[in-house]
Amino acid sequence: YTKEEYAEALKNSYQQGIIKGNIIHAMLELKMTSHTPGSPEFVSIQNRIAKYKAMSLMPDTEYDWVLKKDVFESIMENLGIKRATAYNKMDISLQDKLHTEVSVANDILGVGGKIDTLRETARGELQVIDTKTGNNFDRNSIGNRIMKYGNQTGEILDNSLGRAKLQTVLYSMMISL
């Protein structure tokens, strides 16, 4: 590679990571919401997935695993989200409500953004869930384990993990104000 070719390859890789993330986010949104197949909301999400797939250079196997029932149920369980499943026939009133792609803004702070998933428990508690995807998305990666189990009281450093923590905290503050 020349320097220019390397820069172009890096840029393309970054763009493909964003596209993969958009596909996975939309697929999770489709699975998390209770839109009726064929409804305008359902079709809109499907159309977004098709648009992103058309832009992707990756094979479907790079992201279609998200739609497998056991994988999705495992993701929900790992996030602590209570949902009725084939194995767990819980009362619908005890299920967590999931709101996806929730826009938030705060004039006082002068910022806004989109919450990937806002979880509402049966007790009315809210939890911000930010799904990180892209080229480095790996459910077993050290970054994912740190985000879930790591020291949450230490410094927030200026790196990808620190900025992700800060984003989640900021969104939580915005919905609390």
Side-chain angles (χ1 to χ4, degrees), residues 14 17-36 39-42 44-49 52 63 66-67 71-85 88-177:
Y14 177 73
I18 290 172
I19 292 167
K20 180 180 177 183
N22 287 337
I23 292 168
I24 291 173
H25 275 249
M27 288 177 162
L28 288 173
E29 181 181 0
L30 194 63
K31 291 288 281 186
M32 286 182 185
T33 56
S34 57
H35 300 308
T36 306
S39 71
E41 297 89 356
F42 190 89
S44 173
I45 297 168
Q46 281 186 316
N47 288 342
R48 276 198 343 250
I49 293 169
Y52 293 133
Y63 35 76
V66 172
L67 294 178
V71 171
F72 179 74
E73 287 177 4
S74 175
I75 291 170
M76 295 295 100
E77 185 179 325
N78 285 332
L79 291 171
I81 295 173
K82 296 176 183 167
R83 304 282 286 180
T85 66
N88 174 16
K89 306 287 187 199
M90 70 169 23
D91 183 333
I92 194 86
S93 67
L94 300 176
Q95 282 194 124
D96 293 336
K97 293 178 185 166
L98 302 176
H99 311 277
T100 57
E101 299 297 316
V102 178
S103 294
V104 291
N106 185 285
D107 292 334
I108 297 168
L109 300 173
V111 295
K114 275 198 178 178
I115 299 172
D116 294 335
T117 306
L118 184 62
R119 172 186 173 205
E120 184 180 350
T121 68
R123 295 187 308 254
E125 300 165 332
L126 298 176
Q127 176 190 17
V128 173
I129 299 172
D130 187 48
T131 310
K132 293 298 177 199
T133 58
N135 274 344
N136 295 323
F137 181 69
D138 176 1
R139 65 178 172 241
N140 294 317
S141 76
I142 187 69
N144 287 335
R145 290 196 303 271
I146 290 171
M147 282 293 283
K148 188 169 182 181
Y149 304 112
N151 178 2
Q152 302 300 312
T153 60
E155 291 182 65
I156 294 180
L157 303 174
D158 187 13
N159 58 32
S160 296
L161 182 59
R163 288 187 293 274
K165 288 180 181 182
L166 188 58
Q167 177 186 11
T168 304
V169 169
L170 183 60
Y171 287 166
S172 297
M173 287 174 51
M174 290 167 61
I175 62 172
S176 297
L177 294 176

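Everything numeric here is computed off the predicted structure, so don't read it as measured data.
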In Å and rounded to the nearest 0.5 Å, what is the [atom1] to [atom2] distance from [X] to [Y]?
| X | Y | atom1 | atom2 | answer |
| --- | --- | --- | --- | --- |
| Tyr171 | Asp116 | OH | CG | 7.5 Å |
| Ile23 | Arg48 | CD1 | CZ | 11.5 Å |
| Thr100 | Ile129 | OG1 | CD1 | 11.0 Å |
| Gln127 | Ile115 | CD | CD1 | 11.0 Å |
| Leu28 | Leu98 | CG | CG | 10.5 Å |
| Glu29 | Thr117 | CD | OG1 | 8.5 Å |

Report task. Please report the C-alpha distance between Leu30 and Ile49 in whole Å, then the side-chain angles of each, then the deciding distance to 0.1 Å, and finally whether the side chain to side chain contact (heavy atoms under 4.5 Å, CB included) criterion is met. Result -> CA-CA 10 Å; Leu30 194 63; Ile49 293 169; 4.2 Å; yes

Report task. Please tell me if the side chains of Leu118 and Val104 come closer than 4.5 Å, counting only heavy atoms from C-beta onward. Result -> no

Query raised in the report: With side chains defined as the heavy atoms from C-beta onward, is the minimum distance between Val128 and Gln167 less than 4.5 Å?
Result: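 No, side chains not in contact.
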
Report task. Give a yes or no answer on whether the side chain of Tyr52 reaches the backbone of Lys20 with a donor-acceptor pair at less than 3.5 Å. Result ->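 Pair absent, no side-chain N/O of Tyr52 close to backbone of Lys20.
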
Query raised in the report: Is a side-chain N or O of Ser172 found less than 3.5 angstrom from the main chain of Thr168, in a donor-acceptor match?
Result: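 It does hold such a pair.
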
Query raised in the report: What's the shortest heavy-atom distance between Ser103 and Lys114, and which atoms?
Result: OG-CE, 3.5 Å

Report summary line: Looking only at heavy atoms, the pair that brings Met174 and Gly112 closest together is CE-CA, 3.8 Å

